[in-house]
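This report concerns only the one structure given below.
Numbers here are sequence positions counted from 1.
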Amino acid sequence: MKKLMLGNEAVARGLYEAGCSFVSSYPGTPSTEISEAAAKYPEIYAEWAPNEKVAMEAAFGASFAGKRSFCGMKHVGMNVAADPLFTIGYTGVNGGMIIGVADDPGMHSSQNEQDSRHYAIAAKIPMIEPSDSEEALEFTKLAYEISEEFDTPVIMKMVTRVAHSQSLVETADRVMPSVKPYEKNIQKYVMMPGNAIKRHPMVEARTKALTEYAEVSPLNRVEGGKDTSIGIITSSTSYQYVKEAAGDKYPVLKLGLVNPLPVDMIRKFAAAVEKVIVVEELDSIIETHCKNIGVDVQGKELFGCCGEFSQNYIAQKLGMVVEEGPALDENIPVRPPIMCAGCPHRGIFYTLKKNKVTVFGDIGCYTLGAVAPLNAIDYSICMGASVSGIHGFNKVNEGASDNKTVAVIGDSTFIHSGVTGLINIAYNESNSTVIILDNSITGMTGHQQNPTTGFNLKGDPCTKIDLETLCRAVGINRVRVVDPYNLKECDDVLKEELEAAEPSVIISRRPCALLKYVKHPGPISSDKDKCVGCKACMQIGCPAISIVDKKAVIDNTLCTGCGVCEQMCKVGALGK
């Protein structure tokens, strides 16, 4: 049966059809929907793990038991999981194992434009790369066969456009493979130096065998074109752009197995055309391989290594006609990213800005506290870095009279990698204040559950981590809970904790305003007669408030009635 599916949904369908039994992931755009879709199949056990390292290790445990497994993450999540990644490349697998990673060219929802192909090369693990939903499904099933035939985990690389675009797929029934029983094998699976040194030659032999497989693999194919003045080597979404721009004009070598890359296949393709052009987003992985095997190609000097490509961009660089769409009659107003109306983080960030506090930020929707008019974040690097960073900052500034600093981190991110930083604060005794923004959900990636919410990936009730107890257990004696809608409470508690002579944690607790179960009191009103046009209410950057004819106006379609602006108005112009 044919169905229209997102690329991520198609991967999940491939997991189902291939008999995958275990899925463990950490949500991260653009990878999240793979695990969400997999959880809808009752035959697959699916979970959110606290972080990507745990997810990969759990998936390897399931493979160790002889079952097919999967773990998913975005590209920066691969950094977190790199430790087990490199070692399971040595051990190999028992049941087939797929590591799903989704890159984000253009940084639609990411802090960098990392190219995950480097990990496959460095870890000496095969990587496959589909270019549409149909391939996403079929490549997933084939990945398990490769995994078990060559005794290796396989990395499935998605990108934003493939993950989040839809195309037709042909679905099939679920086929369960025979379970490979666990057999004790210390030499294979216990990676102490004496065993690991013997596994390395096996990894090199495996890479050689996979390179030979790449020459004949159905993942790689040549598509004919009559104009042999140019031959194009490409993969992933770049293949789609090439086909849209050039059609069937030029011969194309479409690569689905991007590590290891074929040698003879590329040389033979190059010999059949006058000039070879490599089209690949981000880094010059294919181009460098071609040059290393003696094939002269053009690539990054034409296309560059920054941002996403498009069909028009490819057409322009190939010297072809660029199709211009009809121009709009009027300009579309810019809509900058901003926290939602009623967002519980807004009151905290306003309080921090008012008190002129240096803020170590973290990864999540609360990173929007850095944008105008709040401008309340000074630093944001990676998951958990706020808690670790403030420790170092405060340690070297001990004794400074004006050292007002805090770290802010979401509840999910705190569990992911913030708690270890807090342990460091307690253990090494830096006088640091950490604010946990507990909005009862993983917000940025689309409302996924986490260990603090009391529900698992499938929505079933489960163990709920108590943040207050956890913070005290690691050695923090001062733990306070505030309602971020109460500005006075936030201000008083912040000042008290900044004055304290020991580490402290403030938990700002209020559910995300967009959660379906949250009941709002309804919009407040603005009294134009009382309003003096001071614009104090505009300092919080709420999208429901605007100034019209020098008076504050509330958009009733956006306002949730949180009351933060009401507390800021000194003349009583805002209220019920």
Side-chain angles (χ1 to χ4, degrees), residues 1-25 30-41 43-46 55-56 59-60 62-63 67-75 78 93 95-103 116-117 120 125-150 152-177 210 213-214 217-221 235-237 239 254-259:
M1 181 171 62
K2 288 190 175 182
K3 288 186 177 181
L4 192 64
M5 285 187 179
L6 288 174
N8 281 347
E9 291 177 318
V11 173
R13 181 69 192 187
L15 297 177
Y16 168 77
E17 293 182 11
C20 175
S21 297
F22 182 93
V23 169
S24 184
S25 304
S31 71
T32 307
E33 297 87 359
I34 298 174
S35 300
E36 290 179 326
K40 295 177 181 178
Y41 296 105
E43 298 89 344
I44 300 176
Y45 171 82
M56 186 175 292
F60 180 70
S63 165
K67 299 295 183 69
R68 287 183 170 180
S69 67
F70 173 87
C71 62
M73 62 206 71
K74 68 183 296 179
H75 62 290
M78 187 70 93
V93 299
M97 179 179 174
I98 297 177
I99 300 164
V101 61
D103 284 7
S116 295
R117 291 178 295 174
I125 292 175
M127 174 180 276
I128 61 176
E129 192 172 26
S131 61
D132 60 21
S133 298
E134 183 178 17
E135 285 190 347
L137 192 159
E138 293 303 323
F139 282 19
T140 300
K141 294 195 288 186
L142 188 55
Y144 279 122
E145 296 177 16
I146 295 171
S147 176
E148 291 165 355
E149 179 181 350
F150 292 94
T152 179
V154 174
I155 302 174
M156 162 84 80
K157 177 178 174 287
M158 302 288 281
V159 295
T160 300
R161 296 302 176 187
V162 177
H164 289 164
S165 63
Q166 291 182 317
S167 59
L168 283 174
V169 302
E170 184 80 37
T171 61
D173 294 333
R174 179 173 171 87
V175 177
M176 288 299 296
L210 280 162
Y213 169 75
S217 172
L219 294 163
N220 301 327
R221 66 175 184 265
S235 67
S236 186
T237 190
Y239 164 78
K254 195 270 187 187
L255 298 171
L257 180 62
V258 293
N259 188 64

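Side-chain atoms of Pro130 and Glu138, non-hydrogen and from C-beta on, never get closer than 4.5 Å to each other. Side-chain contact check for Tyr213 versus Leu257: some heavy-atom pair is nearer than 4.5 Å.
Checked by atom type and distance alone, the side chain of Thr152 never pairs as donor or acceptor with a backbone atom of Ser147 at under 3.5 Å. Of the possible donor and acceptor atoms, one in the side chain of Arg13 sits under 3.5 Å from a partner among the backbone N and O of Ala172. Proximity of a side-chain donor or acceptor of Glu170 to a complementary backbone N or O of Met1 within less than 3.5 Å is detected. The main-chain N or O of Ser69 is found under 3.5 Å from a side-chain atom of Tyr144 such that the two form a donor-acceptor pair. In this structure, Arg68 contributes its side chain and Ala18 its backbone to a donor-acceptor pair below 3.5 Å. Between the side chain of Asn259 and the backbone N or O of Met127, no donor-acceptor pair lies under 3.5 Å. Distance alone, capped at 3.5 Å, places no donor-acceptor pair between the Arg221 side chain and the Lys254 backbone.
We find the CD-OG distance between Glu134 and Ser167 to be 7.0 Å, quoted to the nearest 0.5 Å. Rounding to the nearest 0.5 Å gives a distance of 12.0 Å between CE of Met56 and OG of Ser63. Expressed to the nearest 0.5 Å, how far CG of Leu4 lies from CD of Gln166 amounts to 4.0 Å. Taken from CZ in Arg117 to CD1 in Ile155, the straight-line distance is 12.5 Å, to the nearest 0.5 Å. The CD atom of Glu129 sits 9.5 Å away from the OG1 atom of Thr237 when rounded to the nearest 0.5 Å. For the atom pair NZ (Lys157) and OG (Ser31), the distance works out to 13.5 Å, reported to the nearest 0.5 Å.
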Applying side chain to side chain contact (heavy atoms under 4.5 Å, CB included), run through Met97 and Cys71 and close with a yes or a no. CA-CA 8 Å; Met97 179 179 174; Cys71 62; 4.3 Å; yes

Tell me, with the steps shown, if Glu17 and Thr171 meet side chain to side chain contact (heavy atoms under 4.5 Å, CB included). CA-CA 8 Å; Glu17 293 182 11; Thr171 61; 3.6 Å; yes

Could you go through the side chain to side chain contact (heavy atoms under 4.5 Å, CB included) check for Val23 and Ile34 one step at a time? CA-CA 10 Å; Val23 169; Ile34 298 174; over 6 Å; no

Please walk me through it: do Met78 and Ile99 pass side chain to side chain contact (heavy atoms under 4.5 Å, CB included)? CA-CA 9 Å; Met78 187 70 93; Ile99 300 164; 4.0 Å; yes

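Here the closest non-hydrogen pair linking Val154 and Ile146 is CG2-CG2, 4.0 Å. Taking each heavy atom of Asp103 and Pro30 in turn, the nearest pair found is O-CG, 3.6 Å. Here the closest non-hydrogen pair linking Gly256 and Phe139 is CA-CE2, 3.9 Å. When all heavy atoms are compared, the tightest approach of Ser133 to Met5 is OG-O, 2.8 Å. Contact detail for Ala143 and Ile98: the closest heavy-atom pair is CB-CD1, 3.6 Å. For the residue pair Val11 and Ala136, the shortest heavy atom distance occurs at CG2-CB, 3.8 Å.
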